[in-house]
Amino acid sequence: MMRLYNTLTGRVEEVKPSNGMVIRMYLCGVTVYDYSHIGHARTIIVFDVIRRYLIHKGYKVKFVQNFTDVDDKIIKAAREKGVKPLELAEHFIEQYFKDFDGLNVLRADHYPRATEHIEDMHRIIKGLMEKGYAYRTSKGIYFHIAKDEDYGKLSKKQIDELKAGARVEVDEEKLDPLDFALWKFVDDEPSWDSPWGRGRPGWHIECSAMSMKYLGDTFEIHGGGEDLIFPHHENEIAQSESLTSKEFSKHWVHVGMVNVKGEKMAKSLKNIEPIHSALSRWGANTIRLYCLSAHYRKPLEYDETLLKQALAVWRDIENALYELEHAMMIPAREGEEGRAVVEELKGIVDESFKVFMDRMDDDLDTPNAIASLLTSIKAVNRYAGEDMLDVNTAKTVMPRLNDMLFILGLKRAEVSSEERARIEEMVKRRSMLRAEKRYKEADEIREMLRAEGIELVDHKDRTIWKKLS
RNA sequence: GGUGGGGUGGCAGAGCGGCUAUGCGCCCGCCUGCAGAGCGGGUAUACAGGGGUUCGAAUCCCCUCCCCACCUCCA
């Protein structure tokens, strides 16, 4: 049973499926007005790993992640670029998929967009008006937090102190400074007709509308970056629970920020590393290992040396995978020694898998889970170095290793059959040159392949190749 | 000011009362045609500071000092 910290209760709690084995998850996605950066990547990768882990454990996970495609920032950016807001949003949604497919993040079951759920939002607003939780001013429709007696329960805020903070905008018409907009009256584009007048939705209403539409009034997990706890998630709870009188999300999961030199990575601070640029520099596996190298609730520093560390870890894993793949071609070793190697490796991998799962169960302890995976990896590399791997060891080890790699979302580069044939031809030619001690020519082939990202590794009687990723 | 989370070896990061975490980096040696991987050894006494509790504390209690996030749009 997986245990995760629940922001709502402040405790680590078991994630329980609803009916049978179904777990419904909603993740607050991105506002599409610019490129996604490493901070977004961290949150989305963490949710991807939670999802993969639950899938591995046999749950049926229904996963929804939204796009905020109507918002002041989008409108502003579109105006500056001289394009329509919805076109700008569409462009960055396309970019989003390029980035996150590139990061090997599994596609969600639904990617609802705010602009396609205006009617659903109207229904919620209407319901809240009818139940007396919302009221109208000349500027829009507002949610009245005073009507919601447990307002603040997620962020543990004292309402009085929030008011004292005086950071909220002054609006004489609002009954309470903390009341937030459900619908804002505007005439310019983009805007939609509503029962109360033409306008745009407030920020929080979309997530209530879309999560409940696709997952039901109550679902298992909701989350996002920890900067969304207040006001966004607090307000989502207020709206949703006031409307349905039911519990909204049972479990709230929040991911820590990525910092640059101690400060949060944010577009406004101009210290972002866009995903597309990080991907071309480091590759998906390295970025994923980096994002998972810290516990998800702690801040993660964005720093070259950390990426380098993650890359070194990935190189070890990659090496082991290629050694095992090539070992599939090596006939089973006969006798006692061959069996002993299989037994020992099996013991190490089974134990490391057990520890891996145990660490993952405990509030997604990925740093330790990865450390445990590396125990297996190191053992494989050790045997590979001693030329002790064969088809039996490979077959014994691969399933458990693949399970762990699936959960973390790590995978080797793909190699087409043409590419494979060409590489193997080159390797063959080089081996002949080496046999004739024509090392200079042999090294030239190795260098040439290396320039293409193919690395050769010589064993006693054979050479294996790796396509680095 | 409020709320939440932290301060561990050159760096990153576990540890939740007693047993070398781990990874990376660096140095020496072995192996290799050279690489890569691997192996052996090393990298001064690691735990913010000060008091306690305990046979025993990085781990529990008290005090002090720093750091981060949120309280405004934000993953």
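The sequence lines fix the lettering, A, B, ..., with proteins before strands; numbering per chain opens at 1.
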Within this structure, what is the CZ-to-C1' distance between A:Phe180 and B:U72, rounded to whole angstrom? 16 Å
Roughly how far apart, to the nearest Å, are B:U59 and B:C19 at atom P? 13 Å
With rounding to whole Å, what would you report as the distance between B:C27 and B:G10 at their C1' atoms? 13 Å
Between atom CG in A:Asp71 and atom C1' in B:A75, what is the gap in whole Å? 14 Å
A:Lys62: which residues meet the salt bridge (Lys or Arg N to Asp or Glu O under 4.0 Å) condition with it, sequence neighbours left out? none
Spacing of the C1' atoms in B:G7 and B:A14 (rounded, Å): 15 Å
Could you work out the separation of B:C30 and B:C67 based on their C1' atoms and round it to a whole Å? 45 Å
Is any side-chain heavy atom of A:Lys76 less than 4.5 Å from a side-chain heavy atom of A:Tyr33? no
Within residues 458-469 of chain A, residues whose heavy atoms come under 4.0 Å of RNA chain B: A:Asp458, A:His459, A:Lys466
Scan A:Val258 against the nucleic acid and name what it touches under 4.0 Å (heavy atoms): base, sugar-phosphate only, or nothing. base
Which residues share a ring-ring contact (aromatic ring centres under 6.0 Å, His included) with A:His40, sequence neighbours left out: A:His37
The complete set of salt bridge (charged side-chain N to carboxylate O under 4.0 Å, His left out) pairs with one or both residues in residues 305-314 of chain A, sequence neighbours excluded, reads none
Quick one: label A:Thr375 by what it contacts on the DNA or RNA (base, sugar-phosphate, nothing), any heavy atom closer than 4.0 Å. nothing
Mind checking if A:Asp443 touches a base, just sugar-phosphate, or nothing, with heavy atoms under 4.0 Å? base
According to ring-ring contact (aromatic ring centres under 6.0 Å, His included), who are the partners of A:Phe219, at least two apart in sequence or on a separate chain? A:His222, A:Phe248
When rounded to whole Å, the NE2 to C1' distance for the pair A:His233 and B:U3 reads 17 Å
Quantified in whole Å, what is the P atom distance between nucleotide B:G52 and nucleotide B:A75? 50 Å
What's the closest nucleotide to the side chain of A:Glu386 if the choices are B:G38, B:C71, B:G33? B:G38
Under 4.0 Å between any heavy atoms, over every strand shown, what does A:Leu456 touch: base, sugar-phosphate, or nothing? Just pick one. base
Polar contact flag, side-chain donor to acceptor under 3.5 angstrom, A:Glu344-A:Tyr383: yes
As a test of reading the structure: which of B:C68, B:C70, B:C34 is closest to the side chain of A:Asn259, going by heavy atoms? B:C68
Distance check: side-chain N/O of A:Ser155 vs OP1/OP2 of B:G4, anything under 4.0 Å? no
Rounded to the nearest angstrom, tell me the gap between atom CD1 in A:Ile370 and atom P in B:C24. 13 Å
Suppose you measure atom C1' in B:C28 against the same atom in B:U53; what distance do you get, rounded to whole Å? 46 Å
Quick one: label A:Lys378 by what it contacts on the DNA or RNA (base, sugar-phosphate, nothing), any heavy atom closer than 4.0 Å. sugar-phosphate
For B:C39, does the base pair up with any side-chain atom of A:Arg382 as donor and acceptor (N or O, under 3.5 Å, distance only)? no
Is there a donor in the side chain of A:Ser352 and an acceptor in the side chain of A:Ser376, or the other way round, less than 3.5 Å apart? yes
Is it true that A:His459 and A:His326 have ring centroids separated by less than 6.0 Å? no
Could you say whether A:Asp362 or A:Gly385 is positioned toward the 5' end of RNA chain B, judged by the nucleotide with the nearest heavy atom to each? A:Asp362
Looking at every strand, decide which applies to A:Arg42 at a 4.0 Å heavy-atom threshold: base, sugar-phosphate, or nothing. nothing
Scan for salt bridge (charged side-chain N to carboxylate O under 4.0 Å, His left out) pairs involving residues 24-47 of chain A, sequence neighbours excluded, and state none if there are none. A:Arg24-A:Glu220
Over all strands shown, is A:Ala312 touching base, sugar-phosphate only, or nothing at heavy-atom distances under 4.0 angstrom? sugar-phosphate
Salt bridge (Lys or Arg N to Asp or Glu O under 4.0 Å) against A:Asp148, all qualifying residues, sequence neighbours excluded: none
What contact category does A:Gly223 fall into here, base, sugar-phosphate, or nothing, at under 4.0 angstrom with non-hydrogen atoms? nothing
If you measure from the C1' atom in B:G9 to the same atom in B:G15, how many Å do you get, rounded? 14 Å
Considering only the P atoms, how many Å lie between B:A58 and B:G29, rounded to the nearest integer? 37 Å
Do the ring centers of A:Tyr35 and A:Phe92 come within less than 6.0 Å of each other? yes
Can you name the side-chain contact (heavy atoms from CB on, under 4.5 Å) partners of A:Ser191, sequence neighbours left out? A:Val186, A:Glu189, A:Arg198
Looking only at the side chain of A:Val457 (C-beta and beyond, no hydrogens), which of the listed nucleotides B:A35, B:C73, B:A69 gets closest? B:A35
Classify the nucleic acid contact of A:Gly224 as base, sugar-phosphate or nothing, counting any heavy atom under 4.0 Å across all strands shown. sugar-phosphate
Nearest to the side chain of A:Val313, which nucleotide is it out of B:G23, B:C24, B:A75? B:G23
Identify each atom pair where a protein N or O and an N or O of nucleotides 7-14 of chain B are less than 3.5 Å apart, giving names and distance.
from: B:C11; atom 1: O2; to: A:Gln309; atom 2: NE2; distance (Å): 3.0
from: B:A14; atom 1: OP2; to: A:Lys298; atom 2: NZ; distance (Å): 3.2
from: B:A14; atom 1: O3'; to: A:Asn368; atom 2: OD1; distance (Å): 3.4
from: B:A14; atom 1: O2'; to: A:Asn368; atom 2: OD1; distance (Å): 2.4
from: B:A14; atom 1: O2'; to: A:Asn368; atom 2: ND2; distance (Å): 2.8

What is the nucleic acid contact for A:Arg315, judged by heavy atoms within less than 4.0 Å: base, sugar-phosphate only, or nothing? nothing
Pick base, sugar-phosphate or nothing for A:Arg430, based on heavy-atom distances below 4.0 Å to the nucleic acid. base
